[in-house]
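Input: a single structure, listed below in structure tokens.
Excluded from the calculations below are hydrogen atoms, water molecules and symmetry mates; all remaining heavy atoms, backbone and side chain alike, are included. Chain letters run A, B, ... following the sequence lines, proteins first, then strands; residues in each count from 1.
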Protein chains: 2
Amino acid sequence: MSTSAKNVPAATDVARLAGVSQSAVSRAFTSGASISSKTRSKVMAAAEELGYRPNQLARSLLRGRSQLIGVVLGNMENPFFPLALETLSKQLNTHGHKTLVFTNEANQQADTSIEDMLNYRVDALILMATTLSSSLAEQCQAAGIPVVFVNRISHAMCCSSVTGDNDHGARLIAQHLVDAGYQRIAFMAGIETSSTSRDRELAFTDALIAMGRDKPMRVVGHFNRVGAMQAMRQLLEQAQRPDAVFCANDHMAMAAIDVARYEYSLTPGTDIGIAGFDDIPHAHWPGYDITTYSQPLDALISQAVERVLSQSNQYDAIHTVVKGNLIMRSSTSPTQ
Amino acid sequence: MSTSAKNVPAATDVARLAGVSQSAVSRAFTSGASISSKTRSKVMAAAEELGYRPNQLARSLLRGRSQLIGVVLGNMENPFFPLALETLSKQLNTHGHKTLVFTNEANQQADTSIEDMLNYRVDALILMATTLSSSLAEQCQAAGIPVVFVNRISHAMCCSSVTGDNDHGARLIAQHLVDAGYQRIAFMAGIETSSTSRDRELAFTDALIAMGRDKPMRVVGHFNRVGAMQAMRQLLEQAQRPDAVFCANDHMAMAAIDVARYEYSLTPGTDIGIAGFDDIPHAHWPGYDITTYSQPLDALISQAVERVLSQSNQYDAIHTVVKGNLIMRSSTSPTQ
DNA sequence: TGCTGTATTGCATAGCTATGCAAAATAGTG
DNA sequence: CACTATTTTGCATAGCTATGCAATACAGCA
């Protein structure tokens, strides 16, 4: 009883039923093709009757464009990425593209997964929180497949990227923490090899030094919750405990706040200042209320989509920086 | 300079360079095909040199199997779904399948997005937090495409489903709340049309009544944070304020806790008991620590994957229920 | 060496649709 | 109505790979 149906009708079946040629069927489903409305409706009726739907695989094969966009994501634990995927998928959809998704181990090279995607002849690649070997990057370039990194800058120079304003944001945070009167300021890095974490750290450190402060104490949270909690404990066990921490993203800042509050009975803001980066929705949940620098998701994603879908200048590596805003909240108000 | 490269080599190019036929190239890339190791290595060398990779679109077209699985997700705001996607994508990958993803508006019919996916000849559909018109479900059945709902039961009877044990879980929660001594127990529904919410509500209500309680006060949180916050306020504004709430999932329970604690200065557990469902990682964050009934993600997903990839019995609608556990935490300890 | 049995190989075709080109049909004009 | 300009249609082919089948090469054995 479980015999495979295999009833999937093809264009020729529809053609036969409608009494037209296969070409007519094809044209009926191609907007802008040269076909009379009369035959189109004949075709549509027959198609409806048979349950025909054009085979996108054949179409893609012939056209050389699959309308598929490969997306590689890292850690789904950080809400930033699911939300990014959601808006990305929606935006691609309005442009008539589908999303072929692959979730990678955080910060792993995405090579093997990307090779698979290339086999499907994806029209472009959007990479978040992953790395790409330069050899594969060259292959993409050779094949004419645009690659754009989001929230990450590639080492392979041929790839474009769209990021938030890590430099400016980190400097504003530094300034803000100093203005607020914090004295011993620390930094919690994410994944050390990621440009995201490094850029924020460099700018943050630089700004502090420029204001006459010492180089901040430094700890590594690996962009995940467990790592950030450990890192925070490490900070709070210091003899000279810091009185403020800039975490390289909000997700780690949340973990830091939980450790400070529930393991060390410190009140965020007054006892210890904690800042993040991204402005994910959770950052203004009442239990966290994190000072942060925003990465506007819609803008970030639409830039990436634009870059990927615009045919021109595919081979120029364009690094787009989307500005955000410093958002001051109670996690860094010592006077309150 | 931005002329499209179009250098993508095909099997015939490799064949020419290697001095073999195109069939040989095909066989070299097909595991288990009849080919001598000598020619295979010749082919591989030539392929390497040209940067050839087999065109999965052509392969899929010919084989009638695309190795693509369509996945439709709802609200990415609830961490349950991103995590589910992550494990799903990984599991599919180990089985040699790719994930074609679509994020839908919560609880919308996924018809249009699914039609697009059908055009790509997905081998199967996995639907989370969406609905499917019965006509489209029939089409899928006719085309031999297995459809399985995860965390949701379809109205169209022909589709399989994998869910947590909503009935048992809700009953255990009811029992637990009564045992803990709560008196005025309320229920926060999710999306009213979803089977998930309804099943939990029915069992919960039934269990309470069986224990001689009144039918619980009822409020609707729509499975999202804003909705849940409003619903919680509504509850707490009652003259006869409830002293315990069972929220249809953890995501809403978190919102409920925030409202109780930060807007009404109530201590969860002692002043008001709050329970959830799912046991998402956040449920044991120290700021929440939610009593809940677990939905084991790995088990849930591997059941779904198995159902979808097993060729046999595609047309029997099998409803799999994965058991979880009641997990008691401080959000429902009135004595503490 | 000569035979048979097996492992490899190439040929030709199928799978489904889009599109250039020429033929046919239609519309437009006097 | 005759004739041209335009639209619509069908034919044939291309796009890339997998696979049945027949042909070839190879190995094994006496």
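The closest donor-acceptor contact from the side chain of S21(B) to the backbone of A24(B) lies under 3.5 Å. Using modelled atom types, one side-chain atom of T196(A) and one backbone atom of N151(A) make a donor-acceptor pair closer than 3.5 Å. Here the side chain of S89(A) pairs no donor or acceptor atom with the backbone of F102(B) at under 3.5 angstrom. Panel note: side chain S66(A), backbone S60(A); no donor-acceptor pair is recorded below 3.5 Å.
Along DNA chain D, the stretch of nucleotides lying under 4.0 Å from any heavy atom of chain A spans, 5' to 3', dT8(D) to dC16(D).
As judged by a 4.0 angstrom heavy-atom cut-off over every strand, S36(B) is placed among residues touching the sugar-phosphate backbone only. Among the atoms of the strands shown, only primed sugar atoms or phosphate atoms (P, OP1, OP2) are found under 4.0 Å from some heavy atom of V20(B).
A pairwise comparison of heavy atoms in I69(A) and D123(A) identifies CD1-CB, 4.2 Å as the closest pair.
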Derivation of the side chain to side chain donor-acceptor pair (under 3.5 Å) call for Q67(A) and R59(A) | CA-CA 10 Å; Q67(A) 310 288 97; R59(A) 180 181 285 213; over 6 Å; no

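Comparing A58(B) and S34(B) by the nucleotide of DNA chain C whose heavy atom lies nearest to each, the residue mapping closer to the 5' end is S34(B). When each of L62(B) and S21(B) is assigned the nucleotide of DNA chain C with its nearest heavy atom, S21(B) is the one assigned upstream, toward the 5' end.
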